[in-house]
Amino acid sequence: MRDIKDYTDKYVDEPFEATMVEIRKHVVIDHYRKYRHENILEIGCGMNPFFLDVDDFENMVIVEPGESFVDNAHKLAMEQKGNIHIFSGFLEEQVQNIQSLGIHFDYIILSSVLHELDDPQKMLHAIHQLCGKDTIVHINVPNANSVHRLIAIEMGLIEDIHEQSDQMKKMQRRRTYDMDLLKEEVERAGFTITDSGSYFVKPFTHLQMQKCLDMGIIDEKVLVGLEKLIKYIPQFGAGIYVDVQRV
C-alpha cells in the first residue's frame, strides 16, 4: 500500500523532477494538439495541473490522491477559465462520480503514474470504463532503457535495466518499464496502441542532473539539445509513451 503523504512530501523536493515535469508536458501537449481535446481527464496532477498550460478545452477533470496536490489544484483553478472539476482520491474509487458528470472524454492523461502503482491493471481497467470509442489515452513512464541506466549497468551499479534504484524505492516506484513491457501492460487491459515513442536523453541520474544545473555545467540550451537528441537514439530516452484507444 502506497503512503501518499510520504510520497507527496518527497516529490516536492525530488531533484530535477520539476524540470522533468516540464519536459514531459512538452510531449503531452504535442500529442494533445494532434487529437480532439474539448474534454480532458488528467489522472494525477502533481503540483502543476495541465490546465496551467492549455486553455482550449470545455471541461477539465482532475483526479488526484495527494491531499496537498488537490488543495493546490483547487487554488490554481480559481484563477482559470473553463469548467474544471477536481476529485480527491484514487481513480478506481472515483469512476462513478466522474461518470455522473456526463462528460465524454476526448483525451485522458496518465503522465508518470503507471510505474508507481501496486496494481497497474486496476488503474487501466478504471480508465477503460471512462473511454469512449474515440477517446485517446496518453500514458508515459520512465524508460528502463534510459541512457543513465545503461551507464549504470556498464559501471556495475545495477545488473539489469529493470532493477530498482535507491531513489525508486524512496519514491515508492514499483517497476521500470521498457517499451515492450509497457505495450504488453496496456494491451492486456483492452487497449490498442496508436502511437509510441521515447523522449529526452538523460545521461545522468536526477541528482546528478540537478547538480549540473545548479553549478552551471549545463543550462536551458543543453536541455533543449538533449530533447532534440532523441531523434538520433529514439529508444533510449529518459521516458517512453504510448497513445492508446480501447479495443
Side-chain angles (χ1 to χ4, degrees), residues 2 20-21 23-37 39-46 50 60-65 87 89-96 98-99 103-146 149 160-164 168 171-200 230 234-247:
R2 296 179 68 206
M20 283 303 303
V21 167
I23 290 167
R24 285 194 294 269
K25 279 195 175 181
H26 296 168
V27 178
V28 175
I29 290 172
D30 283 347
H31 285 250
Y32 164 88
R33 300 290 184 204
K34 289 167 54 178
Y35 305 108
R36 183 183 178 111
H37 50 259
N39 298 310
I40 307 164
L41 171 63
E42 181 177 21
I43 304 164
C45 65
F50 193 60
M60 174 82 70
V61 178
I62 290 172
V63 59
E64 166 60 60
F87 292 91
F90 294 98
L91 178 68
E92 304 92 303
E93 303 165 347
Q94 297 294 332
V95 169
Q96 289 187 341
I98 294 170
Q99 288 174 329
I103 296 172
H104 173 90
F105 292 109
D106 303 304
Y107 193 71
I108 297 177
I109 303 166
L110 186 66
S111 181
S112 197
V113 173
L114 197 67
H115 62 294
E116 299 179 340
L117 304 177
D118 294 320
D119 187 350
Q121 285 296 305
K122 190 174 181 180
M123 166 70 80
L124 291 171
H125 285 298
I127 293 173
H128 199 280
Q129 294 178 64
L130 295 166
C131 288
K133 64 181 180 64
D134 298 321
T135 305
I136 296 293
V137 184
H138 176 86
I139 301 169
N140 64 62
V141 294
N143 184 14
N145 281 304
S146 174
R149 294 187 67 83
D160 182 87
I161 57 172
H162 302 99
E163 185 175 323
Q164 282 195 318
M168 287 177 65
M171 296 303 296
Q172 305 178 57
R173 288 165 184 156
R174 306 305 194 216
R175 57 190 53 77
T176 305
Y177 288 100
D178 58 33
M179 184 59 79
D180 288 341
L181 289 176
L182 180 58
K183 288 181 176 180
E184 179 184 315
E185 189 84 86
V186 297
E187 288 172 347
R188 187 154 65 96
F191 291 97
T192 185
I193 296 163
T194 61
D195 193 10
S196 63
S198 182
Y199 60 89
F200 187 69
I230 196 65
Q235 68 270 45
F236 298 123
I240 49 178
Y241 67 82
V242 290
D243 289 340
V244 304
Q245 290 179 289
R246 77 177 196 188
V247 176

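Counting begins at 1 with the first residue of the sequence.
Taking all atoms of both residues into account, the shortest heavy-atom contact from Ala126 to Leu91 is CB-CD2, 3.9 Å. Smallest separation of non-hydrogen atoms from Leu117 and Pro120: O-CD, 3.9 Å. Considering all non-hydrogen atoms of both residues, Ile161 and Thr176 come closest at O-CG2, 4.1 Å.
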Checking side chain to side chain contact (heavy atoms under 4.5 Å, CB included) for the pair Val27/Asn140: CA distance, chi angles, key distance, verdict? CA-CA 9 Å; Val27 178; Asn140 64 62; 5.7 Å; no
Would Leu181 and Arg175 count as a side chain to side chain contact (heavy atoms under 4.5 Å, CB included) if you check the C-alpha gap in whole Å, the side-chain angles of each, and the deciding distance to 0.1 Å? CA-CA 10 Å; Leu181 289 176; Arg175 57 190 53 77; over 6 Å; no
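Here CE of Met60 is found 10.5 Å from CZ of Phe105. Values are rounded to the nearest 0.5 Å. Taken from CG in Leu41 to CD1 in Ile98, the straight-line distance is 5.5 Å, to the nearest 0.5 Å. From Ile108, atom CD1 reaches atom CD of Glu42 across 12.0 Å, with rounding to the nearest 0.5 Å. We find the CD1-CG distance between Ile103 and Asn39 to be 5.5 Å, quoted to the nearest 0.5 Å.
Applying the salt bridge (charged side-chain N to carboxylate O under 4.0 Å, His left out) test to pairs two or more places apart or on separate chains, those with a residue in residues 184-196 are Lys34-Asp195, Glu185-Arg188. The list of salt bridge (charged side-chain N to carboxylate O under 4.0 Å, His left out) pairs with a residue in residues 119-144, not counting sequence neighbours, is empty.
With sequence neighbours excluded, the residues forming a ring pair (Phe, Tyr, Trp, His ring centres under 6.0 Å) with Phe50 are Tyr32, listed by chain and number. Every ring pair (Phe, Tyr, Trp, His ring centres under 6.0 Å) that His31 has, sequence neighbours left out, goes to His138, Tyr241. Gln99 is linked by a side-chain contact (heavy atoms from CB on, under 4.5 Å) to Val95, Gln96, Gln129, Leu130, counting only residues two or more places apart in sequence or in another chain. Partners of Lys25 under the salt bridge (Lys or Arg N to Asp or Glu O under 4.0 Å) rule, at least two apart in sequence or in another chain, are Asp53. Residues meeting the side-chain contact (heavy atoms from CB on, under 4.5 Å) test with Ser196, sequence neighbours left out: Met179, Lys183, Ile193, Val242. Shown here are the salt bridge (Lys or Arg N to Asp or Glu O under 4.0 Å) partners of Asp30, two or more places apart in sequence or in another chain: there are none. Checked against side-chain contact (heavy atoms from CB on, under 4.5 Å), His26 has the following partners two or more places apart in sequence or in another chain: Glu227. In terms of the salt bridge (Lys or Arg N to Asp or Glu O under 4.0 Å) criterion, Asp243 has no residue partners (sequence neighbours excluded). For Phe191, the ring pair (Phe, Tyr, Trp, His ring centres under 6.0 Å) criterion is met by His128, not counting sequence neighbours. Residues forming a side-chain contact (heavy atoms from CB on, under 4.5 Å) with Ser198 (at least two apart in sequence, or on another chain): Asn143, Ile230, Ile240.
Contact check for Val186 versus Ile139: side-chain heavy atoms found under the 4.5 Å cut-off. Thr135 has its side chain out of reach of Gln245: every pair of non-hydrogen atoms, C-beta onward, lies at least 4.5 Å apart. Side chains of Arg24 and Tyr199 form a contact here, defined as non-hydrogen atoms less than 4.5 Å apart.
Using modelled atom types, one finds a donor on one side chain and an acceptor on the other under 3.5 Å when comparing His162 with Asp178.
In this structure a side-chain-to-backbone donor-acceptor pair under 3.5 Å is missing from Arg246 to Ile127.
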